[in-house]
Protein chains: 2
Amino acid sequence: MPPYETTDIPAAELEVLQALWDKSPATVRDVLNELHNLGRQLAYTTVLTFLTRLEQKGFVKSDKSGIAYVYSPKVSRDKVSRSRLEEVLESFYDGAPGPLVLQLMREGKFTKTEIGELQQLIDDLDAKNKRRKRS
Amino acid sequence: MPPYETTDIPAAELEVLQALWDKSPATVRDVLNELHNLGRQLAYTTVLTFLTRLEQKGFVKSDKSGIAYVYSPKVSRDKVSRSRLEEVLESFYDGAPGPLVLQLMREGKFTKTEIGELQQLIDDLDAKNKRRKRS
DNA sequence: AGAGTGCTACGACTGTTGTAGTAGGTTTTC
DNA sequence: GAAAACCTACTACAACAGTCGTAGCACTCT
């Protein structure tokens, strides 16, 4: 197996996986209902197809516990989001998070709490920087 | 036309578009060479196909100036990167940039200059925040 | 003017994605 | 115990993505 699994999941399958992340463990019908709640209309069998494909690709697993199969994610939302972000970073920002962060910051859509945390993080970075310079 | 054009460009076409952003205006051969330089081996006709498809989709334009067609992007790298980022934001961060920025910051891969700029931006945000509060 | 070189148009082919129907088994419900 | 509801397996199929080959035209060099 490759050392770093890329998480290349097509859009429609990802929607299903997202629903599964929210409702896991879940049957096909659970996922279907969740999707319906979110305004996404799909046929039962379509959801089944996607879950099957996701399972083949190793992103979810299933157990036949009672009457129906129960699905759970095998990959975390974090992992996938991270990998998605990484792709954007690689493709457009040359892999460096700095410019991206700066761009987002300039738009300034942050809560007060977040600003506090940001400040804190900057202080830390700053401190680390100083330490490194001195050593 | 829709007010907000989504920039949904498949991976392989995007690679070509990236090369075009770097070398524009460029002929098919220019793009091909650039791709080869980047270690991406594609046939001449493949690149041609992608450029044609990109043109059909309205992402690039071409002028027959001399012997060969010369291609230029019609959509800016910024626009596309923005839209890509937005997708990730929507899918995984509920549309709020805060958590994403915080996550990236925690990994701390920033240059000293960037840290300075970040500090500056935070100060601004902070000031704005205070002003708003006072008013 | 013939040989090579380069360009575009068009077609083609395989795999993947998006979406769903049907068939046939199991479970629940009157 | 028959009918209704559910479940999965399998099949299907159009559109799109990724990749390129061939044919034919234009230009270039000798």
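Residue numbers start from 1 in every chain, and the chains themselves are labelled A, B, ... in the order their sequence lines are given, proteins ahead of strands.
Between the C1' atom of C/dT16 and the CD1 atom of A/Ile9 lies a distance of 15 Å, rounded to the nearest Å. Distance, A/Leu51 CG to D/dC7 C1': 13 Å, rounded to whole Å. Across the protein-nucleic acid pair, B/Lys64 atom NZ and D/dC25 atom P stand 14 Å apart, rounded to whole Å. In this structure, B/Leu17 atom CG and D/dG18 atom P are separated by 13 Å, rounded to whole Å. To the nearest angstrom, P of D/dC16 lies 15 Å from CG of B/Leu54. Put simply, CG on B/Leu48 is 14 Å from C1' on D/dA23, counting in whole angstrom units. If you measure from atom CG of A/Asp30 to atom C1' of D/dT8, you get 16 Å, rounded to the nearest angstrom. As a whole-Å value, the separation of A/Glu55 CD from D/dC10 P is 13 Å.
Annotation for A/Lys23: atom NZ does not count as buried by contact number, only 12 or fewer foreign heavy atoms lying within 6.0 Å.
Contact between B/Phe110 and B/Leu104 at its shortest, heavy atoms only, is CE1-O, 3.7 Å.
Side-chain proximity of A/Arg29 to D/dC7, C/dT8, C/dC7: nearest is D/dC7. Picking from C/dC7, C/dT17, D/dC7 the nucleotide with the shortest atom distance to the side chain of A/Lys57 gives C/dT17.
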For nucleotides 19-28 of chain C, tabulate all protein N/O to nucleotide N/O atom pairs closer than 3.5 Å, reporting atom names and distance.
from	atom 1	to	atom 2	distance (Å)
C/dT19	OP2	A/Arg40	NH2	3.0
C/dT19	O4	A/Arg53	NH2	3.2
C/dA20	OP2	A/Ala43	N	3.1
C/dA20	OP2	A/Thr46	OG1	3.2
C/dA20	N6	A/Thr49	OG1	3.0
C/dG21	N7	A/Thr45	OG1	3.2

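Between the side chains of A/Gln103 and A/Tyr93, a donor-acceptor pair is found at a separation under 3.5 Å. Under the 3.5 Å distance criterion, with hydrogens and angles disregarded, no donor-acceptor pair is assigned to the side chains of B/Gln18 and B/Asp22.
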Evaluation steps, side-chain contact (heavy atoms from CB on, under 4.5 Å), between A/Phe92 and B/Asp78: CA-CA 8 Å; A/Phe92 293 101; B/Asp78 249 40; over 6 Å; no

Worked check of side-chain contact (heavy atoms from CB on, under 4.5 Å) between A/Arg53 and A/Phe59: CA-CA 9 Å; A/Arg53 288 183 186 169; A/Phe59 295 124; over 6 Å; no

B/Leu100/A/Val101 under side-chain contact (heavy atoms from CB on, under 4.5 Å): CA gap, chis, key distance, verdict: CA-CA 9 Å; B/Leu100 190 155; A/Val101 169; 5.9 Å; no

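If you check every strand for non-hydrogen atoms under 4.0 Å, A/Tyr69 touches sugar and phosphate atoms only.
Contact annotation: B/Tyr44 side-chain N/O to C/dT8 OP1/OP2 distance is under 4.0 Å.
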